[in-house]
Structure formats: structure tokens, C-alpha cells
Amino acid sequence: MNARGEDRIRGGHPWIYRSDVMDVADVEPGVVVRVRGPRDRDLGQALFSDQSQITLRMLTRDDRPVDQAFWRERLENAIAFREVLEIDATAYRVVHGEADLLPSLVVDRYGDYLVIQALSQGMERLTPTLVPLLVELTGAIGVLARNDPKVRVLEGLEQKVEVLHGEVPETISVREGAVGYHVDPWRGQKTGLFLDQRENRRAAARYAHGTLLDCFSYNGGFALALAPRCQSVTALDVSADAVARITANAAANGVANLTAREANVFDELRHLEREGARFDTIVLDPPAFAKNKGAVQNALAGYKEINLRALRLLAPGGYLITCSCSYNVDEIMFGQAVFAAAVDARVPVNLVEKRMQGRDHPVLLGVPETYYLKCLILRKLA
Ligand code: SAH
């Protein structure tokens, strides 16, 4: 590989792009290869892909054997870290890819079951090695592969959902804090739930009061966690399925002060503003507006728009919990969009907390892709 590739590895980034790879030995897709830099310097070992723009995903910076014991240790480390977190939930992330030194592997736990995603040729090839280890180390009774993300196509891999161990039911009952969920691991978004927001829901609950508007609610994650602190809760989602799920989840949890409505948040915020509505707490948790770099400008305009409207709808002393999960919009850009919204709304706003994805989705320094979720908690002063 060339010097640019070597610099990236030194900087801690495990991805080496095809344009930096000079020469590839005749190897099969997905195998573990030795990586050499300029003047034949030994740079470590990586997963190889013959299809993706990301040709190499670094595993080690030395030549230790990458065998069963190696994978066991990486998985054990990931699992042990989650134990340190004392997570108050039966659903959480066990392996967060690059940040657990297991590039392109996702493992989520839902009660007695695991849902995994192998997002490269390398992890696809390793799946038969990793699944028995995961079963042994976690005691899972069923493992589902949610290998339907589009990125698999870039690797030349099939998009498919299949059971890899035991049996996996259509619905799994899990708990997050005091809230119970029936999760569909086969069809739910991501692997079933937005696990990365668990800690932000809990943080938001400290401030929530009065009337709550939960925008982009999906299955009511924020609405249900905050409902006990609020008089009344309105949850909005554009999907009718989501609205049905929120309503069912509210009933199952004995939450009586919640109404879920099918609506486009952009239209509904405008409509509420015209009506002169007021809320004491508002949550904005939209889907990724910037799926790629080209979409960043529009995304920023979108963030500014919804945050401006939310700040206008907020009662003095009210809280806005505002999120962005677009990794192409970084913390600074998102903060600027929110600041611009506050300027246009002409209201004084406190920045109460700067948050990110839950600690079970760790960030790896030097790998901005692992830091994708931003969450600000703001207070409107007057
Ligand atoms: N807040 C949720 C996760 C939100 S995911 C949680 O804590 O679990 C984003 C949700 O936004 C999806 O359910 C999607 O259906 C919804 N959505 C996307 N665009 C929307 C729009 N314009 N208006 C309302 N909902 C939208």
C-alpha cells in the first residue's frame, strides 16, 4: 500500500481505500491478509474485500495469529465492556463494529436473542466462526442475521435475513428502563429498536414536564420514557405502522396520557405554529437527513427549519431535545444549525447538555464514522 494508506493506519483509521492499495496477492474475497506499506514495512493484518471501495479493514497492527482465540478475545472484550456500563435494559448493543475492533460487525442483544449484521465480505466469511463464540459467551438461545442493509450490495453480498442459531420468534419482549417493548427483529428498523438513544431518553426524562411533543417517534421511544413526567404526550410519525405501534406500546405499558398521530413533522410543526399551540417539552429525532456528503446543505436547512419551529412552539422554561444521526453532519455543523435557529427565533436558549449515542455504541478516536449521533438538550429561557 502507499504512504497515504500507511498514514491513515497510523492515525488510527482502519479503512484503506482501493486507490491506496498498490498490489494485491491472489487471495479469496473476505480473507485476512497481511498488509505491507512502502519499503515492505509490515503494517499488520486486515480483512480484504475484492468489491468494496474499502479494500482493507485493519484488524491488528502486528502479526499475532488471527485465529479462534483472537476472535474470542475481541468478543469477550466487547461483552465485558457492556457489563461495566450497568445498562438498565435487556436490549443493547454488544458489538459496535470498528469501535470494538471488529470492523463491519454489529451485534445487538434483545433479551435471550442476538441480532447480528455482517457488513463486509470479511465478516460474512467469519460469521460461522463468530456465531458459536457469541452463543457460548452470551448464552443466547437464538441468533438472527439482519443482513439486509444496502451496504452489503457494495460488497457484492446478498441482502438477506436468516436464522443462524436456534430459533428466533417474530416478536421478542424486552425492557428499556421501565418501558416494555415487543420488538420485531425480522422487520423492525435497524435491528428492531433505536438502541443508540437509550441514554438520551433517560437524560431527557430529567427535564421533561407539562405537555410533550415527540417528533419522529418510530415506536414511541422518547414518548414512553418521558410520559410519566408529563401531563400529556403527542407522538408524531409519518408512518401509519409506527403510529399503530406507538399506540399499542402505550397500552401495553399502561400509559394513558399519550396520543399518537400520523403526520409529516415538517407540515405539522407549521400547522401547530399557526394554531398558536404551545408545548413544554419537544423532542426532535429525525432520520438521517444527510445520507451522503452531497446532501449536507439540504440537511442543514432541514435541521434549522425544524429546530426553529420547535423553539417557537416551546413555552418559556421549556426543553428541546434535538438530535441528528447524520454522520456527514458533524457536531459543529449541527450545533451551528441549531444556533442559527435560536437566532432566527429571537429567543435566549441555554445549552443544558451535549450528548451522543449511548456508551454501548462507543466512538473510536480517529474514526469519525463511529461518532454519528448528536443530541442537544436546550432550555428556552423566555
Ligand atoms: N425517536 C425514535 C427513532 C426515530 S427514527 C426512537 O427514539 O426510537 C425516525 C422516524 O421518523 C421513523 O419512524 C420515520 O418513520 C419517521 N419519519 C421520517 N420522516 C418523517 C417526517 N417527515 N415526518 C414524520 N416522521 C418521519
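The residues of the chain are indexed from 1 along the displayed sequence. Each ligand, and each atom within it, is numbered from 1 in the order the structure gives.
- At a threshold of 4.0 Å, the pair Asp360-Arg82 does not count as salt-bridged, since none of the basic side-chain nitrogens sits closer than that to a carboxylate oxygen.
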Side chains of residues 22-31: which donor-acceptor pairs under 3.5 Å do they make with residues two or more places apart or in other chains?
from  : atom 1 : to     : atom 2 : distance (Å)
Glu28 : OE1    : Arg125 : NH1    : 3.1
Glu28 : OE1    : Arg125 : NH2    : 3.4

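- Near Phe194, the atoms of ligand 1 lying under 4.0 angstrom from a non-hydrogen atom of the residue are 3 (C), 5 (S), 8 (O).
- Taking both residues in full, the closest heavy atoms of Asp50 and Arg18 are given as O-NH2, 4.0 Å, listed atom of the first, atom of the second, then distance.
- Residue Glu268 places no heavy atom under 4.0 Å from ligand 1.
- Geometrically, ligand 1 and Pro286 share no nitrogen or oxygen pair separated by less than 3.5 Å.
- Contact analysis puts Pro287 in contact with ligand 1, with a non-hydrogen atom separation below 4.0 angstrom.
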Going through the checks in order, is the side chain to side chain contact (heavy atoms under 4.5 Å, CB included) test met by Cys375 and Ile321? CA-CA 7 Å; Cys375 171; Ile321 296 93; 3.8 Å; yes

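- With a 4.5 Å cut-off on side-chain heavy atoms, Val283 and Leu226 count as touching.
- Ligand 1 has a nitrogen or oxygen under 3.5 angstrom from a nitrogen or oxygen of Val238.
- Using cut-offs of 30° and 60° for the angle between ring planes, the Phe289 and Tyr303 rings count as tilted.
- For atom 3 (C) of ligand 1, the nearest non-hydrogen atom from the set Asp285, Val283, Leu193, Ile321 comes from Asp285.
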Would Tyr218 and Asp241 count as a side chain to side chain contact (heavy atoms under 4.5 Å, CB included) here? Give the steps. CA-CA 9 Å; Tyr218 180 50; Asp241 277 357; over 6 Å; no

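- Within the 4.0 Å heavy-atom cutoff, Ala263 counts among the residues contacting ligand 1.
- With a heavy-atom cut-off of 4.0 Å, Cys215 does not touch ligand 1 at all.
- Nearest protein heavy-atom contact of atom 23 (N) of ligand 1 is Val265 N, 2.8 Å.
- Between atom 16 (C) of ligand 1 and the options Asp196, Asp267, Leu284, Asp237, the minimum heavy-atom separation is to Asp237.
- Shown in contact with Gln189 at under 4.0 Å from a heavy atom are these atoms of ligand 1, numbered in order with element: 12 (C), 13 (O).
- Considering only heavy atoms from C-beta on, Ile16 comes within 4.5 Å of Val21 through its side chain.
- The protein heavy-atom contact nearest to atom 4 (C) of ligand 1 is Phe216 O, 3.1 Å.
- Checked by distance only, ligand 1 and Asn264 come closer than 3.5 Å through their nitrogen or oxygen atoms.
- Minimum interatomic distance between Pro14 and Glu98 (heavy atoms only, all atoms of both residues): CG-CG, 3.8 Å.
- Set against the non-hydrogen atoms of Tyr218, the atoms of ligand 1 under 4.0 Å away are 2 (C), 3 (C), 4 (C), 13 (O).
- Annotation: Arg201 places an N or O atom under 3.5 Å from an N or O atom of ligand 1; distance criterion only.
- In this structure, the ring of Tyr372 has its center no less than 6.0 angstrom from the ring center of Tyr327.
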